[in-house]
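Here is the structure we will look at.
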Amino acid sequence: MSQRCFFIIAQAVLASGLLVGCATTRQLAVDYPKTESVAVKPLRGQTTVSGDDYYVQWLSEFEFKGDSALKGGCNEMGGHYENGDLSAAVVFAVHNDALKLQREASGFLYQATTGRCNFKLETKKANLTPWLRLDSAKDTQIEYRFLTSNSHESNLSQLVEDLNTASGLFALTGVGTGMAVMGKLAGNWVESNPPVVAKAPTPAGKLSSETHTLPAGVVLNADSAGLNQTRLPVYEVLEGGWNIWSSETKMLGELRIYPELVSSLLLKTVGDATPDAHDLSLEELWRAPIQTANGEQRLQQLLAQIDAADRPNLQPDWRDYSDVETQCRRLKLVMKDLGFNKFDRNALLYYFLNKSPDWKNFNISMQRAMTDEIRPKLLEQYRSTNFSGCLAPEDYWVMKSMRLAVNTEQDWDALASSRQKKEGILNPVQSAGRQLLAALKSPDKDEVARQLYPLLNTEKAGNGSVLLQNHLSNFGLETLLQLPPIPDEGVVVSAAQLAGVFAGLNVDSYSCARPAQEQGQPLAHIGILLFATKPGSPRDKGGALEFELAQGRIVRLAFQHPSFRDFEQNLADYPDLGGCRIDAEFLNRLH
């Protein structure tokens, strides 16, 4: 071999040695987790947090912190990227035995060959869990494994590919606008849809693995809750180059494992706002989309899959209180078993019960409860149908917080108190009116006088006397009383004189007695009744009689004309008042 050939070969060997010596390798390292706890804020208007308030979902996401290797340009003399010799991955394992939840997901995948720019890094935001009710999520355990390999045969890409396939299937089991399917439905899904198993690469001897369990994600106390979020620092380690004995470590980023909270999915309310359910219908809620293993289903379809022994009848006899209450309880239990929180459960229960007349009567408005067609005894009956076999007092508060028209116990107490006050106004007039009518209806004039005597009293003449006024017409009242013309302010007469007046009027029938009203409010001391006369009476057809009370006794009686007190319009506006209903037919007899 010539000296020239030897020199060329020597040059080539030296150049290749320099290339190898200058080549860098870029590996990833994961530091120990850093966990911080964040208190869960109470919903607006509340002071405490319960496990039934929120849904929580756990996600992982990579946040870059360092400079990208590509920013400096890729002009290295190393070879092109091939199927990597170096690889690293973070894999999460999630399980919740009570919910039959078990799955794996990848945090990132890294592959590299010799050379700083010959690498492949995949980071994807991943849903680690479906949306879970807060009290159910507290038993969820998350582990992570940091896997590294320096072997071509132990490439981790197939492992991550399998996990991503499993994650794609998992996305159909409660992520997004739906709920996690719990209980029996979850068990059935696990049996019929076994999880995709990610196969570990081989040979196992060339694979390094480090596994850690993260702190519990949810910490629930009696009236508060906290969520733990974790950061995994990820570093890039550069080795080799011109100084083959040195290495350089730089922060690449952090892998975050964090929670997201919502107060409702069914009503699509986010954050710490209480859902507003006042403008919905049962049909809309039945059509709410729920994500399941078999794809998107309507809520009503989902409920149809419940075992017949537990499945509620969604079309009960709405007029049968007992049947509606039973089906309400079944629906409530099923919704809780499926993982719905108190807002979504009670929104559905409200609109389900809203088809029941008993439900509408129990949630009667104050305005309607104060009307006279609703008597106190009927009101008590309405209150007794409170669906206590299905709903607890806190359920009514939840409905009320969502702007749904319901009566809590406090509402009923206020309603009963207002009604009692009204009855306190009406009772004296009603009592005096009944006694007055009982006396006037007696056919015996002397008996009328005897019964009237204890009812009448004036300060001027004492027991058995009353101030009699006439605002009706000149129908001969003076003649009936055998008195001179009566002044406008009236005249005090005895019980016997009053009995003679009504005997002379030849009354055919009386209406019931009711309170007089001013500006729509019943008066506690003035009542009114109507009377119709027989043919030949000095007062043709009849009229109205007003009575005024003081200390439970009648002190004034007035034959009344509509122009003095517009009782005709009052009868039209309030045909039923104080338990007295005067039909228009009776009023027409007086015209």
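Quick caveat: nothing in here was measured; it's all calculated off a predicted structure.
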Go through the steps for K65 and V234 under the test side-chain contact (heavy atoms from CB on, under 4.5 Å), then give the verdict.
CA-CA 9 Å; K65 299 289 185 180; V234 180; over 6 Å; no
Which pairs with one or both residues in residues 207-235 pass salt bridge (charged side-chain N to carboxylate O under 4.0 Å, His left out), sequence neighbours excluded?
E63-R231, R231-E254
For the residue pair T408 and D411, confirm or rule out a side-chain donor-acceptor distance under 3.5 Å.
yes
Any chance the rings of F108 and Y110 have centres within less than 6.0 Å?
no
Check whether D307 reaches the backbone of A309 with its side chain - one donor and one acceptor, N or O, closer than 3.5 Å.
no
Hey, do the aromatic rings of W58 and Y258 have their centres closer than 6.0 Å?
no
With sequence neighbours left out, write down each residue that passes ring-ring contact (aromatic ring centres under 6.0 Å, His included) with F343, or none if nothing qualifies.
none
By ring-ring contact (aromatic ring centres under 6.0 Å, His included), W318 pairs with (sequence neighbours left out) F352
Criterion ring pair (Phe, Tyr, Trp, His ring centres under 6.0 Å) against F362, the qualifying member of W412, Y382, Y350
W412
Qualifying salt bridge (charged side-chain N to carboxylate O under 4.0 Å, His left out) pairs, either residue in residues 37-52, two or more places apart
R44-D272, D52-R133, D52-R345
Checking T274 against S401 for the side chain to side chain donor-acceptor pair (under 3.5 Å) test, could you report, in this order, the C-alpha distance in whole Å, the side-chain angles of both residues, the deciding distance, and whether it holds?
CA-CA 7 Å; T274 300; S401 71; 5.1 Å; no
Side chains of L128 and L59, heavy atoms from C-beta outward: is any pair under 4.5 Å?
no
Non-neighbouring partners of W286 that pass ring-ring contact (aromatic ring centres under 6.0 Å, His included), sequence neighbours left out
none
Applying ring-ring contact (aromatic ring centres under 6.0 Å, His included), name anything that partners F146, two or more places apart in sequence or on another chain.
none
Just by distance, no angles: are the side chains of E36 and Q229 close enough, under 3.5 Å, to form a donor-acceptor pair?
yes
How about Y396 and N363: does a side-chain donor come under 3.5 Å of a side-chain acceptor?
no
N341 side chain to S263 main-chain N or O, any donor-acceptor pair under 3.5 Å?
yes
Would you call M251 and P233 a side-chain contact if the rule is heavy atoms closer than 4.5 Å?
yes
